[in-house]
Peer 1: 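What follows is a structure written as structure tokens; I'll ask about it next.
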Amino acid sequence: MPPPSAAPRRGGAGTPSTSTTASSTPAADQDQKPAARLADGRIIRSDACLWTAGVKVSPLAANAKIATDERGLILVDATLRSVSHPQIHAIGDAAAVRLAFGQLHGTCQSGLPTAQYTADTIAKLVRGKAVKPFRFGYYHQPVSLGRRDAVIQFTRADDTPRRQCLTGRGAVVYKELVSASPLMTYRFSKRMNVTTIVSKGGRATRRPAA
């Protein structure tokens, strides 16, 4: 979390809430209820505590003098090849993949398509064939809420939310299918050509990234 700099602030539509930005670690109060201990020693108690963390990029690429962005992601061109070392292809959350609408975030939704695209790209380059730029569009953001609940937010290609969403049992089944899809895709791919790119983004990706 960012260093402590912001005071608690009120917000929320219809439901009172308090938000505090600070460095913190997991803790528990005397009754063993969830809590967070802030860097200044304060303990914030709650009925439920959802603890999340980001992903830090390995310094391997930067240490190897491969061009990276400020986060350490490998800078790539429109065909996902390193801008400083074209013989290197970068995929998933190791690559700074920029499309017209912005940079992709490192999840399996974009990781699998970049991997498949790169495998096909290498095969084409070996055969001397032309390679088209990578195109991809988001279409959903599925979130599991335990094993018995979930919410699926459908999105536009640029990852902005649409009005449609799915909740309840239908969302649970949907999320289970999404989570199981990599293994199913791998099994089917041994028998036939299977794509992991559900959307190429339409108009959102027709023009190159700025």
Side-chain angles (χ1 to χ4, degrees), residues 1-6 20-27 36-40 50-139 141-144 155 157-160 178-179 181-183 185-186 189 194-201 204-205 207-210:
M1 297 181 69
S5 58
T20 301
T21 300
S23 298
S24 58
T25 57
R37 180 180 291 108
L38 305 186
D40 61 9
L50 176 62
W51 200 261
T52 63
V55 178
K56 186 176 182 180
V57 180
S58 168
L60 178 64
N63 291 344
K65 306 304 180 183
I66 299 170
T68 60
D69 66 5
E70 65 279 0
R71 294 175 55 201
L73 300 173
I74 298 175
L75 296 172
V76 295
D77 62 15
T79 62
L80 308 189
R81 301 173 73 177
S82 165
V83 296
S84 62
H85 297 71
Q87 72 275 23
I88 295 176
H89 300 251
I91 63 174
D93 56 9
V97 182
R98 292 196 60 82
L99 299 177
F101 59 78
Q103 186 165 315
L104 301 186
H105 49 71
T107 64
C108 63
Q109 188 175 174
S110 57
L112 289 172
T114 57
Q116 181 179 24
Y117 169 87
T118 296
D120 292 339
T121 294
I122 293 173
K124 290 178 180 179
L125 291 174
V126 169
R127 295 169 184 158
K129 294 184 177 181
V131 177
K132 294 182 179 180
F134 175 72
R135 291 181 61 193
F136 167 82
Y138 291 101
Y139 56 94
Q141 289 298 344
V143 178
S144 291
T155 70
D158 63 359
D159 205 29
T160 55
V178 170
S179 298
S181 63
L183 181 57
T185 300
Y186 170 72
S189 67
V194 180
T195 183
T196 61
I197 302 178
V198 177
S199 169
K200 290 189 176 181
T205 60
R207 60 185 179 86

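Predicted, not measured: the structure shown is a model, and the values here were computed from it. Numbering of residues begins at 1 and proceeds along the displayed sequence.
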Peer 1: To the nearest 0.5 angstrom, please state how far the NE2 atom of H85 sits from the NZ atom of K65.
Peer 2: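 That separation rounds to 10.5 Å.
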Peer 1: Examine distances only and state if a side-chain atom of S189 and a backbone atom of V194 form a donor-acceptor pair shorter than 3.5 Å.
Peer 2: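 Not at all, since once roles are kept as given, no pair shorter than 3.5 Å links the two residues.
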Peer 1: ring-ring contact (aromatic ring centres under 6.0 Å, His included) with H105: which residues, sequence neighbours excluded?
Peer 2: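 Scan of H105 (ring-ring contact (aromatic ring centres under 6.0 Å, His included), adjacent residues dropped) gives Y138.
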Peer 1: By side chain to side chain donor-acceptor pair (under 3.5 Å), which residues pair with D120, not counting sequence neighbours?
Peer 2: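 D120: no side chain to side chain donor-acceptor pair (under 3.5 Å) contacts found.
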Peer 1: For D69, which residues count as a side chain to side chain donor-acceptor pair (under 3.5 Å) partner, sequence neighbours excluded?
Peer 2: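 D69 satisfies side chain to side chain donor-acceptor pair (under 3.5 Å) with no other residue.
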Peer 1: Does OH in Y186 sit with more than 12 non-hydrogen atoms of other residues, nucleotides or ligands closer than 6.0 Å?
Peer 2: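 Counting neighbours around OH of Y186, 12 or fewer heavy atoms of other residues, nucleotides or ligands fall under 6.0 Å, so no.
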Peer 1: Once you round to the nearest 0.5 Å, how far does CG of L99 lie from CG of D159?
Peer 2: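 CG of D159 is found 11.5 Å from CG of L99.
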Peer 1: For the OG1 atom of T68 and the CG atom of L73, what is their distance to the nearest 0.5 Å?
Peer 2: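 It is 8.0 Å, given to the nearest 0.5 Å.
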Peer 1: For T118, enumerate each residue passing the side chain to side chain donor-acceptor pair (under 3.5 Å) test, keeping only those at least two apart in sequence or located in another chain.
Peer 2: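 T118: no side chain to side chain donor-acceptor pair (under 3.5 Å) contacts found.
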Peer 1: Is there a side-chain contact between T185 and Q116 in this structure, where contact means two heavy atoms from C-beta onward sitting under 4.5 Å apart?
Peer 2: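 When only atoms from C-beta onward are counted, Q116 and T185 do not touch, as no gap falls below 4.5 Å.
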Peer 1: Is L80 close to T121 at the side-chain level, that is, under 4.5 Å between some pair of heavy atoms?
Peer 2: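 No, every pair of side-chain atoms sits at 4.5 Å or beyond.
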Peer 1: Under 3.5 Å, which donor-acceptor pairs do the side chains of residues 87-96 form with other protein atoms, sequence neighbours left out?
Peer 2:
none

Peer 1: Could you give the distance from OH (Y117) to OG1 (T196), rounded to the nearest 0.5 Å?
Peer 2: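 If I round to the nearest 0.5 Å, the distance is 13.0 Å.
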Peer 1: Sequence neighbours excluded and cut-off under 3.5 Å, please list the side-chain donor-acceptor pairs for residues 123-130, or say none.
Peer 2:
none

Peer 1: Could you tell me which non-hydrogen atom of S84 sits nearest to which non-hydrogen atom of A67, and how far apart they are?
Peer 2: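 Of all heavy-atom pairs spanning S84 and A67, the closest is OG-N, 2.9 Å.
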Peer 1: Write down the atom of A204, the atom of A157, and the distance for their closest heavy-atom approach.
Peer 2: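 Heavy atoms of A204 and A157 come nearest at CB-CB, 3.9 Å.
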Peer 1: So, for L112 and P182, which heavy atoms are closest and what is the spacing to 0.1 Å?
Peer 2: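 Shortest heavy-atom contact: CD1-CG, 3.9 Å.
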Peer 1: How many angstroms lie between atom CD1 of I197 and atom CD of Q109, to the nearest 0.5 angstrom?
Peer 2: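 Here the rounded value is 12.0 Å.
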